[in-house]
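This report refers to the structure that appears directly beneath it.
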Number of protein chains: 2
Amino acid sequence: MKNGKATIHDIAEKLQVTASTVSRALNNNPRISDATKKKVLKAAKELNYQPNNIASALRSGKSRLIGVVVPTANRNFFSSVIRGIEEIANSFNYKVVISQSYDDYEKEMQTIEALLNVQVDGVIASIGKTTENVDHFKKILKKGIPLVLFDRVTNELDVSQVVIDDYFGAFQATEHLIKEGCKRIVHFTSSQNINIYKERKRGYEDALLKHGIAVDPELIRFSKLQLEDGRATMQEVIDEKTSFDAVFSASDYSIMGAMQVLKENGYKLPQDVKLVGFGDEPFTSFTEPTLTTVNQKSIPMGNITAETFFEILNQKDQTNIISKKTILKPELIIRNSSLNQENI
Amino acid sequence: MKNGKATIHDIAEKLQVTASTVSRALNNNPRISDATKKKVLKAAKELNYQPNNIASALRSGKSRLIGVVVPTANRNFFSSVIRGIEEIANSFNYKVVISQSYDDYEKEMQTIEALLNVQVDGVIASIGKTTENVDHFKKILKKGIPLVLFDRVTNELDVSQVVIDDYFGAFQATEHLIKEGCKRIVHFTSSQNINIYKERKRGYEDALLKHGIAVDPELIRFSKLQLEDGRATMQEVIDEKTSFDAVFSASDYSIMGAMQVLKENGYKLPQDVKLVGFGDEPFTSFTEPTLTTVNQKSIPMGNITAETFFEILNQKDQTNIISKKTILKPELIIRNSSLNQENI
DNA sequence: GCCGTTTGAGCAATCGATTGCATATTAAAA
DNA sequence: TTTTAATATGCAATCGATTGCTCAAACGGC
């Protein structure tokens, strides 16, 4: 017992039994008598025994580590999902290794490689914005370990997914603006290769159509949806003298940029232009006016994602896995940026 | 080579050498000839060999994992520090396991326990707000692995630390307000057990004294510095009819709360009250008026923390480690919330 | 009291890579 | 040519826990 670290051998020696017996006792194996188990547990406590996860991982092939890949942890949505995942993972005595892809395809590949290298037992991921080829995810499946995707998913992979109903969220948001009297609603969106933006755009369009408003392609603007993109796009729209009375953005950051530019150009909010974002980032309640946005149910999403993960992990018959798609309902959070004066 | 996973033994067999030779070749051991190394590398590539980190970790005692404990990844400051740490760690071929303590003492202990359990090679941490006893950190040291603290540190542990000069940041911020004509500056702070809040308060007080303004204990308010705390405290101050012309908060979140309450109470900003926060959270440039705040140099802090970590890790003589304290200069970011009208 | 069954525990191999020591080969020095 | 030294590789133990198989003791049935 050098270095203060007790091993099962130390326990075995102390008790004059073998390491196998100790191992079985600690794992509550039925082939060990209760009396022995009790003795082992007692000795383990006395020696301050801490199991060596690495040894166990090597032998059993399980590292009790889940790799989580997100574009960035520095977004309320993602960090909340991570929190939701952690809650469940910890209850299964698993640890979470968080990796950020920074929305960069190269980095995403590297990070997955690295996760596989540390021998994670599976991966939970949300795909980066610039990722179009998903071969690196196939590597995970090839290893025969679970992969669950959330939020930014792809249909090219036959894996379980957890998403919100982006279509519904966008539909609701747009309909809300229409009910507040808007008719010329600008929509900020991003690459249509990404499911969430595609769905949100579809929801936006269908809401317009439902209320007899034609979809004007002039009003649909593509960008990366960062704050700066929101600013630039908004300025463009203003400069072009395109008529509009609202903006619905697929991201809170770009609607924030739009808000800044609108104010700088002398627009009164929400009287002249009504705004709705997507994501319910904390800052949306700090702005003036406060921003209407769509809450993505991040913690439940994390919980469900992790639960799905463990379902697959614990499945007896690994050959017969059914991939399932869970869809959560988002919630429209109505604040001042989208309301008529009399309603505020 | 079952299951598609090649081991050094497969390479060895293919090349008719022993596993030891392969291992040494892969690790670029000088005792192996260049010719053999080349052959091994080639065979490794052909067999798509991926080293088994777990086996390596078991034998060498190194997991190539750093545990990072932060109160929450969902704060720009912490996620940026993490990013800074990752940059360096990856360059050393190390992975980072991020753990959130959620500013909860119990959770912090558990999380450290869990990290030690997965056999991290060392820990980088920022201490939670509710933590007063640091015995769980001593466990890390007892294991003989490096521990480096950043930002929220303690002097009870003789370990390397990386912090910003909180005193200087606060001093600058306060002096700036004074130069803008403020004389009754409220200060929001938190538990004085936490180094950063203590230092910031000291900077605030010294700046006042330097300019011949007495420190009025009435103006110093203690809370947890969340948005809600900022709101509540500000309302209190207003209700008490305490006279004040500025607020300097040790946190951006609470200054945000103060801003909201001030506006609700009809104060004109920054004319009636000037505001300065601390942290340079992204939302501080979204508010109206935009918030003056102190930037904490998060990415460099992460870089330096990780570099310090590896210095210790790679130290030959582990018995003779010198703990060092690195202090970074923060930067005052002046925005509209603290400026006189004519300066905006 | 004999034999088969159940129960409890030990033996030894194994997971894959690393490493101290031994050995074989070759080159250089004497 | 012999000795010495350097170079290149092999052997086998090891890290700590797990697990299939074996075996001894205890027990019960007839």
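Below, read A as the first sequence line, B as the second, and so on, with proteins coming before strands; counting in each chain starts at 1.
Of all heavy-atom pairs between B/N29 and B/R31, the closest is OD1-N, 2.8 Å.
A sub-4.0 Å separation between OP1 or OP2 of C/dG10 and a side-chain N or O of A/T18 is present.
By the 6.0 Å contact criterion, CD on A/Q50 is enclosed, its count of non-hydrogen atoms from other residues, nucleotides or ligands being greater than 12.
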Inset, instruction - Please lay out, stage by stage, how B/N74 and A/N76 fare under the test side-chain contact (heavy atoms from CB on, under 4.5 Å). - result: CA-CA 6 Å; B/N74 183 21; A/N76 188 56; 2.9 Å; yes
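Rounding to whole angstrom units, CG of residue A/L58 and P of D/dC15 are separated by 14 Å. Going from atom CD1 of B/I8 over to atom C1' of D/dG10 covers 13 Å, rounded to whole Å. Whole-Å rounding puts the B/R59 CZ to C/dT14 P distance at 19 Å. When rounded to the nearest whole Å, the span between CD1 of B/I54 and C1' of D/dG16 equals 13 Å. Rounded to whole Å, atom P of C/dG8 lies 16 Å from atom CG of A/L15. Atom CG of B/N53 is separated from atom P of C/dC15 by 18 Å (rounded to the nearest Å). If you measure from atom CD of A/Q50 to atom C1' of D/dA17, you get 15 Å, rounded to the nearest angstrom. In this structure, CG of B/N117 is placed 15 Å from P of D/dG16, rounded to the nearest angstrom.
Distance alone, capped at 3.5 Å, places no donor-acceptor pair between the A/D121 side chain and the A/K62 backbone.
Using a 4.0 Å cutoff on non-hydrogen atoms, the parts of residues 20-38 of chain A near DNA chain D are A/S20, A/S23, A/R24, A/N27, A/R31, ordered by number.
Paired with B/V148 under the rule side chain to side chain contact (heavy atoms under 4.5 Å, CB included), one option of B/T326, B/I312, B/V159 passes, and it is B/I312.
One finds a salt bridge joining A/K139 and A/E113 here, because a Lys/Arg side-chain nitrogen approaches an Asp/Glu carboxylate oxygen to under 4.0 Å.
Closest to the side chain of A/N52, from the set C/dG10, D/dG16, C/dT18, is D/dG16.
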